[in-house]
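To keep things clear, I will list the structure first and then write my remarks on it.
Letters A, B, ... are given to chains in the order of the sequence lines, protein chains preceding strands, and every chain is numbered from 1.
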Amino acid sequence: MSLLDNLNPEQLAAVTLPNQHALILAGAGSGKTRVLTTRIAWLIQTGNVSPNGILAVTFTNKAAREMLTRISAQLPINTRGMWVGTFHGLCNRMLRTHYRDAGLPQLFQIMDSQDQLSAIKRVLKAMNVDEEKFQPRQMQYFINGAKEEGRRAAQVEAYDDFSRRSVEIYAGYDEQCQREGVVDFSELLLRSFELLSRNEVLRDHYRNRFRHVLVDEFQDTNRLQYRWLKLLTGPNSFLFCVGDDDQSIYRFRGANVGNMADFERDYQVQNIIRLEQNYRSHGHILAAANALISNNARRLGKNLWTAAGEGEQLRVYEAQSDGYEAAWIAEEVQNLVKEGHARRDIAVLYRSNAQSRLIEHALFSQGIPYRVYGGLRFFERLEIKHALAYLRLIASPDDDGAFLRVVNFPTRGIGTRTIEQVQDAAKVTGGSLFAAASHLTGKAALTAFTRMIEALRTETAGLQLKEVVEHMLDRSGLIRHYENEKEGADRIENLNELVNAAALFVQETEGEDSNNLASFLAHAALESGENQAAEGTDALQLMTVHTAKGLEFFAVFVTGLEEGLFPHEQSASEDDGLEEERRLMYVAITRARERLYLSFTQTRMLHGQTRYNVASRFIDEIPAGLLKWLTPRLRGQMAQPAWSEPSGWAASAASTPSRKAAAPQNAHGYRIGQAVMHAKFGQGVIVSAEGQGADARLQINFGRQGMKWLALEYAKLTPA
DNA sequence: CGCACGTGGTTTTTT
DNA sequence: ACCACGTGCG
């Protein structure tokens with residue numbers, strides 16, 4: 001049995017490509033991960049490179065783990081010499097090794113986004129900045145954006161008062177981080193990048209070592225990540241990038257699909273290999289995806305095909321309201337389960353998280369087990385953050401963020417006044433809050449706290465990691481605190497889970513890092529933990545389309561296919577926004593193996609108001625022959641509100657699934673929610689109206705033609 | 001210190 | 001409609 005068995009010709013070409021740079025355009029379901037791991041195994045097996053010479057980078061820990069597992073399964077080698085991980089994980093590894101050259105303390109701590117936000121708030125306070133004008137969230141976005149472009153504060157161009165001040169805040173923030181010995185996620189990348197660009201010796205060392213650099217999901221890389229890859233790849237190394245421009249859906253967080261074209265040009269890539277055979281979906285599903293994505297102008301070009309049969313048509317359902325849509329989903333899922341399909345093999349996808357509420361409600365009342373993805377992860381839970389802050393303070397007393405989080409939690413009589421005094425004292429000395437607190441006399445509670453931390457530090461020195469955590473939980477009073485709280489049982493359970501996590505970390509990590517508090521803390525920051533446990537039960541899967549990327553299911557529901565929601569209205573104003581929405585729809589469609597449901601609703605409750613919808617253009621972009629309408633295709637009557645105000649045009653209230661009301665028309669012969677036809681704008685839905693008689697004006701949603709206000713007297717409308 | 005109330009925001013997310 | 005966060009009072 002050879003590595004290369006059962007590869008199709010394109011996969012084989014990619015796996016066995018002689019030493020050169022390569023771009024692999026890997027369509028959805030085309031065996032991308034298999035190609036990547038087999039390539040690595042093949043390079044090693046053929047003696048082309050030793051495991052030491054491999055660097056493979058992904059975006060998520062899950063993908064990195066899967067890659068390692070599959071390599072191990074293909075080759076009986078020790079994978080330890082390879083660098084396989086996320087961009088952040090690999091940069092962390094490099095910075096830990098060269099912390100001095102990178103200008104970092106040995107035990108630098110990693111902040112997650114939450115920590116970063118509170119750090120920014122502290123900077124704003126310290127700099128006396130108006131938080132109304134310079135909103136912490138915006139500053140976070142600004143700083144991370146700059147870092148991902150590879151710019152320090154000094155390199156950011158400021159052209160007005162606002163941006164000048166923003167740059168000052170960025171500089172102040174970086175200073176604070178340096179003082180406190182903490183780095184944020186983008187800093188890991190930027191610091192590593194700067195280290196390599198400044199330090200020629202190190203750069204050459206890594207360039208000579210990593211002969212083969214392989215990148216997964218290359219379309220998701222940002223500018224800095226690409227520049228980092230360029231630095232790392234020397235004249236004797238080869239970059240092997242795998243990606244799919246049609247699945248680029250993360251522009252909003254800095255991903256730059258342009259990296260694919262840049263790579264092709266910068267490296268004079270001779271070989272672009274297209275993996276176009278899809279092993280996942282039936283023919284009609286694939287045809288729908290191909291037709292849809294062909295509406296995008298800027299593509300590298302690719303057409304998926306399958307050896308499987310056509311399969312079923314896509315089932316389209318039009319619901320009266322979001323409530324009805326949810327009820328229909330629940331019913332249809334029951335049918336699928338009756339037919340013998342596992343719930344875990346069925347997914348309900350939506351564009352935005354808010355949509356899950358009603359669907360959950362319907363599933364709950366039908367008693368259908370489900371699992372919602374997204375939301376709080378293990379290491380992000382409050383009690384865990386507190387526990388980690390204690391550990392951080394043990395490892396690194398300069399960490400002011402950690403200090404502030406737990407100095408008075410559990411409450412121990414240290415109030416705002418005392419903390420202010422500590423902050424003032426620290427400002428004078430330029431030291432950390434912890435140091436200032438240790439020197440402040442006359443505050444018994446405060447002294448007790450610093451003593452407790454110091455005692456923890458000495459008492460836990462040399463202990464097993466698991467024991468360190470246990471001891472901290474006891475000494476800090478965290479467990480006791482939650483024991484006294486009504487809802488504390490879950491939190492205690494999570495804290496105990498943290499002890500297990502520590503034990504597991506030691507067990508699974510080999511080498512010098514294994515029983516090391518700092519590496520455990522880095523692990524906690526970089527791998528925020530699985531979303532929810534509840535494994536084992538066979539549950540229906542609920543998630544956003546974004547979250548579904550990379551997954552596949554027997555049956556998929558793509559819900560809320562309405563203009564304004566999917567494609568989302570806020571994407572309309574963004575450059576490339578609509579095309580990205582379409583790629584998102586492409587991702588959604590290609591998740592399904594055999595059955596695909598598309599649904600939309602006439603009315604939907606959004607931000608407390610009923611919205612009247614027009615079906616998504618994405619449905620129209622799928623050839624009619626591939627669709628099977630489950631509801632009569634009433635292009636005319638898009639919306640049926642519960643009632644309209646008898647006088648005038650005040651917005652109508654929500655309809656409930658249990659009530660199907662006849663919508664009375666008002667004196668004009670039109671009602672809110674009614675579908676109308678306009679000579680120029682085509683089909684639309686009356687959304688709201690104002691004025692009476694000759695002055696009456698109607699607001700009409702013409703879908704892709706936009707929302708228009710028209711005077712009833714002049715607009716040539718006909719009921720559609 | 002903890003709760004009650006008011007206010008703003010509300011696309012997508014990993015590290 | 002709903003949630004998260006911040007302020008002010010008891």
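- Judged as a side chain to side chain donor-acceptor pair (under 3.5 Å), the pairs with a partner in residues 403-418 of chain A (not counting sequence neighbours) are, in order, Tyr390(A)-Arg412(A).
- Rounded to whole Å, the distance from CG on Asp184(A) to C1' on dT14(B) is 14 Å.
- Look at CZ on Phe185(A): it is 8 Å from C1' on dT14(B), rounded to the nearest Å.
- Distance Asn484(A) CG to dG2(B) C1': 16 Å, rounded to the nearest Å.
- Here Phe403(A) pairs with Phe449(A) under the ring-ring contact (aromatic ring centres under 6.0 Å, His included) rule; sequence neighbours left out.
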Can you give me the N/O atom pairs linking the protein to nucleotides 3-5 of chain C at distances under 3.5 Å, or say none if there are none?
{"from": "dC3(C)", "atom 1": "OP1", "to": "Arg357(A)", "atom 2": "NH1", "distance (Å)": "3.0"}

Q.
Pair Gln219(A), Glu217(A) - check side-chain hydrogen bond (donor to acceptor under 3.5 Å, both in side chains), show working.
A. CA-CA 5 Å; Gln219(A) 78 283 350; Glu217(A) 306 277 15; 2.8 Å; yes

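- With C1' as the reference atom, dC3(C) and dT14(B) are 23 Å apart, rounded to whole Å.
- Within 4.0 Å of Asn408(A), counting heavy atoms only, lie sugar-phosphate atoms of the nucleic acid but no base atom.
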Could you list the protein-to-nucleotides 11-13 of chain B atom pairs, N/O on both sides, closer than 3.5 Å?
{"from": "dT11(B)", "atom 1": "OP1", "to": "Gln570(A)", "atom 2": "OE1", "distance (Å)": "2.9"}
{"from": "dT11(B)", "atom 1": "OP1", "to": "Gln570(A)", "atom 2": "NE2", "distance (Å)": "3.3"}
{"from": "dT11(B)", "atom 1": "O4'", "to": "His568(A)", "atom 2": "NE2", "distance (Å)": "3.2"}
{"from": "dT11(B)", "atom 1": "O2", "to": "Arg351(A)", "atom 2": "NH1", "distance (Å)": "3.2"}
{"from": "dT11(B)", "atom 1": "O2", "to": "Arg351(A)", "atom 2": "NH2", "distance (Å)": "2.1"}
{"from": "dT11(B)", "atom 1": "O4", "to": "Glu574(A)", "atom 2": "OE2", "distance (Å)": "2.4"}
{"from": "dT12(B)", "atom 1": "OP1", "to": "Asn353(A)", "atom 2": "N", "distance (Å)": "2.6"}
{"from": "dT12(B)", "atom 1": "OP1", "to": "Asn353(A)", "atom 2": "ND2", "distance (Å)": "2.9"}
{"from": "dT12(B)", "atom 1": "O4'", "to": "Arg351(A)", "atom 2": "NH1", "distance (Å)": "3.0"}
{"from": "dT12(B)", "atom 1": "O2", "to": "Arg351(A)", "atom 2": "NH2", "distance (Å)": "3.2"}
{"from": "dT13(B)", "atom 1": "OP1", "to": "Thr544(A)", "atom 2": "OG1", "distance (Å)": "2.7"}
{"from": "dT13(B)", "atom 1": "OP1", "to": "Thr547(A)", "atom 2": "OG1", "distance (Å)": "3.2"}
{"from": "dT13(B)", "atom 1": "OP2", "to": "Asn353(A)", "atom 2": "ND2", "distance (Å)": "3.4"}

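- Atom-to-atom, CZ of Phe409(A) to C1' of dC1(B) comes out at 13 Å; the value is rounded to the nearest Å.
- Ser113(A) comes within contact range of at least one nucleobase, with a heavy-atom separation under 4.0 Å.
- With sequence neighbours left out, Ala354(A) forms a side chain to side chain contact (heavy atoms under 4.5 Å, CB included) with Ser352(A).
- When all heavy atoms of Lys32(A) and Ala26(A) are compared, the pair lying nearest together is CB-CB, 3.8 Å.
- The salt bridge (charged side-chain N to carboxylate O under 4.0 Å, His left out) test applied to Glu360(A) returns no partner, not counting sequence neighbours.
- Screening residues 222-231 of chain A for salt bridge (charged side-chain N to carboxylate O under 4.0 Å, His left out), with sequence neighbours left out, gives Glu149(A)-Arg223(A), Lys230(A)-Asp266(A).
- Under the ring-ring contact (aromatic ring centres under 6.0 Å, His included) criterion, Tyr597(A) pairs with Trp328(A), Phe557(A), sequence neighbours left out.
- Taking every heavy atom of residues 87-96 of chain A and every atom of DNA chain B, pairs under 4.0 Å involve His88(A), by number.
- Not counting sequence neighbours, Thr97(A) has no partner by the side chain to side chain contact (heavy atoms under 4.5 Å, CB included) test.
- Whole-Å rounding puts the Glu569(A) CD to dT10(B) P distance at 13 Å.
- Scanning for salt bridge (charged side-chain N to carboxylate O under 4.0 Å, His left out) contacts around Glu569(A) gives Arg611(A), with sequence neighbours left out.
- Spacing between atom CE of Met605(A) and atom P of dC2(C) amounts to 8 Å, rounded to whole angstrom units.
- For Phe134(A), the ring-ring contact (aromatic ring centres under 6.0 Å, His included) test picks out Phe162(A), with sequence neighbours left out.
- Each of Glu527(A) and Gly415(A) was assigned the nucleotide of DNA chain B with the nearest heavy atom; the assignment lying further toward the 5' end belongs to Gly415(A).
- Note on Asp220(A): nothing from the nucleic acid sits closer than 4.0 angstrom, heavy atoms only.
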